[in-house]
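One structure is given here, and the rest of the page talks about it.
Quick note on labels: first sequence line is chain A, next is B, and so on, each numbered from 1. Note that the structure is a prediction, hence the values are computed from the model and not measured.
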2 protein chains.
Amino acid sequence: MKKGFHSQLNSRGYRLTQQRQAILNELRQADHHLTAREIYTAVRRYLPQISLGTVYRNLDVLEQLVLIKKFEHRGLFRYDADIQDHYHLFCQYCDRIEDIPKSQLGDLESHFNWETDFQISHYQLDFHGSCVACQKNRADQERA
Amino acid sequence: MKKGFHSQLNSRGYRLTQQRQAILNELRQADHHLTAREIYTAVRRYLPQISLGTVYRNLDVLEQLVLIKKFEHRGLFRYDADIQDHYHLFCQYCDRIEDIPKSQLGDLESHFNWETDFQISHYQLDFHGSCVACQKNRADQERA
DNA sequence: CTCATTATTAGTAATCATTCCTATCATTGG
DNA sequence: CCAATGATAGGAATGATTACTAATAATGAG
């Protein structure tokens, strides 16, 4: 039985607020990985008074609760409501970011066979390259 | 035959300057992965007039020439003079970053067996966890 | 339901990394 | 040695993120 957002907040001493709810909703419905400012802009359609500070503070809270994940790309943070293990494909020509479910990657962990005193809690694997649209654009430019 | 720094710059239309040289030297001698500001502070011991803008500009040039690598961590960029393929271990309690040579990781690529139209040029694998010092500190705090 | 407690908010100011701008300087090829 | 032009110093501008504070609102107890 999965605990709801409300009780999940309460049991940690957090309160349920419209702002908090709206930020999480926005992130869950988003078709790409949003920045704090993008979330701010989006949520203002419903809560015109919300402030950017509130967005940042709540993203921290949601991250604490492991309801969202945070990662950095090109100098800024982006947030992801998909907390399942997965990887990212970053296009180096545009801002597109695609997801790869972990299941498509085969068993990587079994190959992490080093000796280290570091205690590893998680790892992150990012791929960089060119998305289909940019491959096409560049091919067109070659020709011209 | 490996081309020297000087001719490597010239053949691309870049010039060899003291600042450029000093920045690369500093990075090659560093015992950890420096930020632009750390490099700025270090190089100022020899070139007190150097400006932060020059450091940033030259780091970009050196990255273009693939003499250094750039990566982001906790919202800021760090630079690495080791351009061999390797991975990083980030301690989540302190700022320590350790390197893992790629050879210690076994053959990962053979397990990247997905279907994708993305054209992948490189990937980055980061590990997060606790360094030995922080493991000890935390154990001590438990006891207290 | 009402009230007091206290987390949360809006709004703004402050920080800080990074980038941009421009007049001056320095390296290089000829 | 000299002109062409890349590079620099210094400072201003930008933009993301964080910090601060008085006012607001969610919560739980009664």
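Scanning residues 38-46 of chain A for heavy-atom distances under 4.0 Å to DNA chain C yields an empty list. Non-hydrogen atoms lying under 4.0 Å from DNA chain D are contributed by B:Gln49, B:Ile50, B:Ser51, B:Thr54, B:Arg57, B:Asn58, all within residues 47-78 of chain B.
Following rounding to the nearest Å, B:Leu9 (CG) and C:dG29 (C1') show an atom-to-atom distance of 16 Å.
Among residues two or more places apart in sequence or in another chain, the side chain to side chain contact (heavy atoms under 4.5 Å, CB included) test is passed with A:Ala30 by A:Leu34. The salt bridge (charged side-chain N to carboxylate O under 4.0 Å, His left out) check on B:Arg45 picks up B:Glu26, with sequence neighbours excluded. With sequence neighbours left out, A:Leu16 forms a side chain to side chain contact (heavy atoms under 4.5 Å, CB included) with A:Phe5, A:His6, A:Leu9, A:Gln21. Partners of B:Gln18 under the side chain to side chain contact (heavy atoms under 4.5 Å, CB included) rule, at least two apart in sequence or in another chain, are B:Leu47. Under the rule for a ring-ring contact (aromatic ring centres under 6.0 Å, His included), B:Phe118 has no partner lying at least two apart in sequence or in another chain.
Contact annotation: A:Arg37 side-chain N/O to D:dG15 OP1/OP2 distance is not under 4.0 Å.
Applying the side chain to side chain donor-acceptor pair (under 3.5 Å) definition to pairs two or more places apart or across chains, those involving residues 131-144 of chain B are B:Tyr93-B:Arg138, B:Lys136-B:Asp140, B:Asp140-B:Arg143. Annotation: ring pair (Phe, Tyr, Trp, His ring centres under 6.0 Å) contacts involving residues 16-64 of chain A, sequence neighbours excluded, comprise A:His33-A:Phe71, A:His33-A:His88. Residues in residues 117-129 of chain A take part in these side chain to side chain donor-acceptor pair (under 3.5 Å) pairs, two or more places apart or across chains: A:Tyr87-A:Tyr123, A:Glu109-A:Tyr123, A:Ser121-B:Gln92, A:Gln124-A:Asp126.
One axis for each end of the helix from C:dC1-D:dG30 to C:dG30-D:dC1, each built from five base pairs, and the angle between them comes to 40° at 10° resolution.
Residue A:Arg44 qualifies as enclosed at atom CZ: its count of foreign heavy atoms under 6.0 Å is above 12.
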message: What does the B/S/- profile of nucleotides 21-30 of chain D look like, 5' to 3', with a 4.0 Å heavy-atom cutoff to protein?
response: ----BBS---
